[in-house]
Amino acid sequence: MLKISARMLTNRQLFQLHMGLPSVVSDPLEIVKAEGIYLYDVSGDQYIDLVSGVSVSNVGHRHPMVLSAISEQLEAYMHVMVYGKFLHSPQVKLAARLASVLPPALQSVFFVNSGSEAIEGALKLAKRLTNRTELVSFRHAYHGGTAGALSMMGHERLKNAFRPLLPATRLLDFNAVDQVHQISSQTAAVLIEPVQAEAGIILPEPGFLQALRDRCDETGAILIFDEVQMGFGRSGKLFAFEKEAVIPDILCLAKAMGGGMPLGAFISSKERMQALAHHPELGHITTFGGHPVSCAASLAALEIILDDELHLKAEDKGRMYEDALHDHAAIRQIRRSGLMLGIELQPDIPMYELMQQIFKQRLIVDQFLFNDQSFRIAPPLTITHAEIEESAGRIVQALNLTIGS
Ligand SMILES: Cc1ncc(COP(=O)(O)O)c(C=O)c1O
């Protein structure tokens with residue numbers, strides 16, 4: 001039988017034949033270059049990225065300072081040893097810089113590879129600290145795809161086929177202060193996104209996060225904030241917890257943390273974090289966590305955000321989109337935290353058709369996992385006012401074409 005060589009096939013055919021994928025993607029965009037807020041495909045078309053690789057590219061694609069930090073580290077070393085055995089200067093510099101912008105209760109950084117792994121590490125730390133098993137999370141929460149993170153997911157659709165998952169999990173409703181009493185002296189951890197992202201950008205009502213903090217203090221449960229999606233300036237503050245001035249016991253970060261490279265972390269106090277080094281020693285192990293190249297990129301990205309005050313500018317930039325879109329007839333509601341918007345359409349507006357119209361306008365947007373009638377706008381925080389006006393104008397045009405006006 002004639003064996004077809006991979007070289008005779010197009011990338012598109014190889015994609016269909018050999019890529020393991022979690023969904024059926026018939027005609028994916030083939031990207032050949034990314035720069036700032038722009039993506040370029042194989043046919044030379046330019047797109048404005050309004051998703052940032054799902055809250056990753058906060059400093060834009062291939063920021064020159066991130067690139068030079070990566071090159072410099074590549075000249076020195078890449079992976080040399082599993083996490084924590086050697087001192088890697090990119091890790092310690094990054095940990096110290098993060099500590100300098102975090103409160104005293106969050107000074108010890110455990111580096112991992114991803115958001116899901118940050119959640120796993122945080123749950124393990126909470127169990128180890130409390131010697132309890134019950135884990136509390138919230139309906140419509142997304143915390144990642146690994147077994148522990150999946151156990152905390154607030155939606156059955158992606159979860160049910162994989163049971164049994166972690167036992168003793170309990171779901172509460174987001175913003176339901178009257179359910180907070182269900183957190184008890186059996187509870188090891190309460191895991192929450194301070195702004196629920198995949199639920200469609202659901203903001204905490206004033207006092208809700210504080211009520212959780214108070215109840216965790218009363219019961220000894222560990223409060224974990226998942227800022228994998230909202231961290232690093234997206235919310236208009238460097239971290240979303242600053243908005244409500246409620247400080248978690250453990251903070252989980254990833255996505256934008258690496259400036260485009262894979263990196264995550266869970267952060268707690270030195271005292272708490274030490275529990276992973278005793279009874280048992282090696283309480284969490286990772287080979288690549290805190291990869292030196294990722295840490296170098298991450299430090300550069302953090303300095304860019306702080307120097308250019310991207311976090312402080314996110315609020316005004318987000319409001320520009322809100323002002324441009326809020327009175328459109330096709331839009332039912334806009335929910336927003338900084339430069340992260342959930343645009344909810346009127347019930348009769350067909351989402352699929354709108355997505356196609358937006359794509360024709362050469363814009364990249366995305367839907368949410370747990371909110372079918374909303375789509376997200378979350379461009380790089382570096383986007384300029386002129387680029388916001390341009391992209392908002394194109395969204396209006398796509399909305400007009402969808403409703404036929
Ligand atoms: C809030 C939140 N937590 C955790 C994760 C999991 O992160 P990762 O995909 O890096 O494992 C995600 C990913 O979308 C997320 O949005």
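Bear in mind that the values here come from a model prediction, so they are computed numbers and not experimental data. Counting starts at 1 for both ligands and their atoms, in listed order. The first residue in the sequence is number 1, and the count goes up from there. Values reported hereafter were calculated over all heavy atoms of this structure, with side chains retained and with hydrogens, waters and symmetry mates removed.
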Distance from [atom] to nearest protein heavy atom, with residue and atom:
| atom | answer |
| --- | --- |
| atom 10 (O) of ligand 1 | Gly115 N, 2.9 Å |
| atom 3 (N) of ligand 1 | Asp226 OD2, 2.6 Å |
| atom 16 (O) of ligand 1 | Gln229 NE2, 2.6 Å |
| atom 13 (C) of ligand 1 | Lys255 CE, 3.2 Å |

Less than 6.0 Å separating the ring centroids of [X] and [Y]?
| X | Y | answer |
| --- | --- | --- |
| Tyr142 | His155 | no |
| Phe110 | Tyr83 | yes |
| Tyr47 | Tyr40 | no |
| Phe239 | Phe232 | yes |
| Phe288 | His79 | yes |

As an exercise, identify every atom of ligand 1 less than 4.0 angstrom from a heavy atom of Ser114. 10 (O), 11 (O)
Relative to the heavy atoms of Val228, which atoms of ligand 1 are at a distance of less than 4.0 Å? 2 (C), 3 (N), 4 (C), 5 (C), 7 (O), 12 (C), 15 (C)
Taking only Lys NZ, Arg NE, NH1 and NH2, and the carboxylate oxygens of Asp or Glu, determine whether Glu120 and Lys124 approach each other closer than 4.0 Å. no
At under 4.0 Å between heavy atoms, what of Glu117 touches ligand 1? The answer is neither
Between Glu193 and ligand 1, which part of the residue brings a heavy atom under 4.0 Å of the ligand: side chain, backbone, both or neither? side chain
State whether the shortest distance between N or O atoms of Ser116 and N or O atoms of ligand 1 falls below 3.5 angstrom. yes
Parallel, tilted or perpendicular for Phe266 and His284, by the 30°/60° rule? perpendicular
